[in-house]
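So the structure is just underneath, and the comments pick up after that.
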Amino acid sequence: FDNGNGNKPTKSSSRSLPGGIMVLFLFVLLLGSGSGLWNGVTQSLRGGIRIFPSRERSKEHKVKNIDAIDEEKISLSENKSNEGLFRAKLNGNEYVYFLGKNVSIFALYLRSENDKKEDVYKLIEEENDIQVDKLKSLWQNGKLLVHDREIWRSIIRQNYSQGEIQLRSGIRRALVVWNSLSEANLQGARDWLEGKKKYLNHTMTINDQVQILLNEFKEEFPYYRDHCLHCAAEGAEYLGEITCTSHLEKDIQRAVRAELRYCSSCSKLSRFVRANDVNSIMQRKYGRCGEYSIAFAAILLIFGLDIRWIYDSSDHVWIEALINNKFIHCDPCEAALNQPLLYSQNWQKSSSLVLAFDKHQAIDLTSFYYPDNSTVATLRKNIHLSPELISSILSQYNFSASNTTITTSTQKAANNRN
């Protein structure tokens, strides 16, 4: 037997147990009365006998049930709600806030950031005064951890339909992308491309060369999912997103937000900064479609091709490359070239909106990437996304982009397609 801490049980603690059980059992039989007493005794026996698990199993059980324990604390302490806006004073300093549906997530964040060894649930207070201006201020100052984006969007953009939110999100992100693709920020991509010239030669077609670059890029830049950035353990728990306020993240990496994850293996907090700076992305070599679409766009610009940045409202982005006067689908996360039906057929996805952004204009390409027009029409109807609204909002991007100074390597313009 192993009692879980590596020490074998003593004689007095283990071998005397069966004898005690037999005495109690005989006592109950002698009483011979009612099932009530018998049930009470058997329950006591079950509660007193314990089969000690191995150390490995005990540890696994503890990690697995930490959230269940947290949930129980929440339900029993101070009648706290599990959804809304909460705050806590971290290390006795200013309040930090949490917006989401589960206070136990906030507790994990507080545990990892709190210097004192105390019950973090005692620090959590429910905030009933939810005002748009207040939330915006907290977010901009890096004081708000947003776990649930839907709650955030429903509060911040309550005057917009879901369709208009998608349009404005695409425009906002496109402007960030094109501002990141200035000549001054492309050195990391230039150095990477220089090292790949040995694989390219003039006898190859442009398509073949771009495919080689895609393969090399995917090999060197793995897709970040949820592993801990400290110990590399998989499955770090998502806590939410917070605004980047430091000089390194905000000014050097050009990041707006960082994703926070808690690792139960090492009890540390991972900060996945959503960088928009090409040099930063090329240097750290991990990211998602947002980072990689910017980085590979920079590579193709240096290679001599014009690009368009593609926004899919169903949570994916990629680029198109202008090859032989035609824009070709190009996804660096998948090393996929000229596979426009990858998402609708291979991934079995559907989407209400796909937009292509060059430096000066935006066009709707939803029907090209998702040719099932009836499904698209249904999705758009559900979110109040009309052709008139699309045209009106996209014209604002045209105006915005024409008044934004953006320098790129090429100045071609074409709307032809394979």
Side-chain angles (χ1 to χ4, degrees), residues 57-131 134-156 224-246 249 257-274:
R57 185 174 179 182
S58 177
K59 180 180 179 182
E60 179 183 345
H61 178 78
K62 181 179 180 182
V63 172
K64 183 178 180 181
N65 287 282
I66 186 170
D67 289 337
I69 294 171
D70 288 346
E71 291 287 358
E72 184 178 358
K73 280 188 178 181
I74 292 169
S75 63
L76 296 176
S77 63
E78 302 179 17
N79 297 318
K80 289 189 177 72
S81 168
N82 274 325
E83 178 176 343
L85 181 65
F86 302 87
R87 68 179 186 177
K89 271 194 175 180
L90 194 59
N91 300 318
N93 298 324
E94 296 181 357
Y95 280 106
V96 290
Y97 291 78
F98 173 83
L99 184 66
K101 294 181 178 179
N102 194 334
V103 186
S104 65
I105 299 297
F106 191 24
L108 287 178
Y109 171 73
L110 294 174
R111 282 191 195 130
S112 61
E113 294 289 279
N114 194 23
D115 295 336
K116 301 177 181 179
K117 303 298 182 182
E118 57 183 321
D119 183 1
V120 293
Y121 285 96
K122 295 180 180 178
L123 305 176
I124 299 176
E125 304 172 6
E126 190 166 1
E127 178 65 70
N128 296 317
D129 184 20
I130 303 179
Q131 298 179 2
K134 178 178 180 178
L135 283 181
K136 287 182 177 179
S137 176
L138 291 172
W139 172 257
Q140 291 168 0
N141 290 287
K143 300 296 183 183
L144 176 65
L145 178 64
V146 176
H147 177 73
D148 193 296
R149 293 183 184 179
E150 294 305 317
I151 296 178
W152 168 259
R153 289 169 182 162
S154 66
I155 296 173
I156 297 300
Y224 176 80
R225 298 190 185 279
D226 58 10
H227 71 266
C228 175
L229 297 178
H230 301 283
C231 70
E234 299 292 337
E237 185 164 4
Y238 175 74
L239 302 185
E241 294 181 343
I242 197 165
T243 302
C244 296
T245 57
S246 70
E249 295 178 352
R257 56 195 172 93
E259 178 180 300
L260 305 185
R261 289 184 174 273
Y262 178 81
C263 177
S264 59
S265 297
C266 67
S267 300
K268 290 184 179 179
L269 198 68
S270 289
R271 191 177 179 94
F272 173 36
V273 179
R274 305 309 307 270

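All values reported here derive from a predicted model rather than from experimental measurement.
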Are the side chains of [Y] and [X] in contact, using a 4.5 Å heavy-atom criterion?
| X | Y | value |
| --- | --- | --- |
| Arg257 | Trp139 | yes |
| Glu237 | Ile105 | yes |
| Cys263 | Cys231 | yes |
| Ser270 | Tyr262 | no |
| Lys136 | Ile156 | yes |

Quick one: pull up [atom1] in [X] and [atom2] in [Y] and give me the separation to the nearest 0.5 Å.
| X | Y | atom1 | atom2 | answer |
| --- | --- | --- | --- | --- |
| Ile130 | Ile151 | CD1 | CD1 | 8.5 Å |
| Glu113 | Leu260 | CD | CG | 8.0 Å |
| Glu234 | Ser265 | CD | OG | 10.0 Å |

Of Leu145, Ile242, Leu144, Leu110, the residue whose pairing with Val96 passes side-chain contact (heavy atoms from CB on, under 4.5 Å) | Leu110
Steps toward side-chain contact (heavy atoms from CB on, under 4.5 Å) verdict (Thr243, Gln140) = CA-CA 6 Å; Thr243 302; Gln140 291 168 0; 5.7 Å; no
Aromatic rings Tyr97 and Tyr95: how do their planes relate, parallel, tilted or perpendicular, breaks at 30° and 60°?
-> tilted
Minimum heavy-atom distance [X]-[Y], with the two atoms named:
| X | Y | answer |
| --- | --- | --- |
| Leu269 | Ser112 | CD1-OG, 3.6 Å |
| Phe86 | Gly100 | CE1-O, 4.4 Å |
| Leu123 | Lys89 | CD1-O, 4.0 Å |
| Gly235 | Asp226 | N-OD1, 3.3 Å |
| His227 | Ala236 | C-CB, 4.4 Å |

ring-ring contact (aromatic ring centres under 6.0 Å, His included) against Tyr238, all qualifying residues, sequence neighbours excluded = His147
When you measure from the side chain of Ser137 to the backbone N and O of Lys134, does any donor-acceptor pair fall under 3.5 Å?
-> no
Donor-acceptor contact present, side-chain Thr245 to main-chain Asn141, <3.5 Å = no
Using 4.0 Å as the upper bound for N to carboxylate O, is an ion pair formed by Arg274 and Glu241?
-> no
Test log, rule ring-ring contact (aromatic ring centres under 6.0 Å, His included), inputs Phe272 and Tyr224 | CA-CA 9 Å; Phe272 173 36; Tyr224 176 80; 4.4 Å; yes
Can you run down the salt bridge (Lys or Arg N to Asp or Glu O under 4.0 Å) pairs that involve residues 138-148, sequence neighbours left out, and say none if there aren't any?
-> Glu94-Lys143, Lys101-Asp148
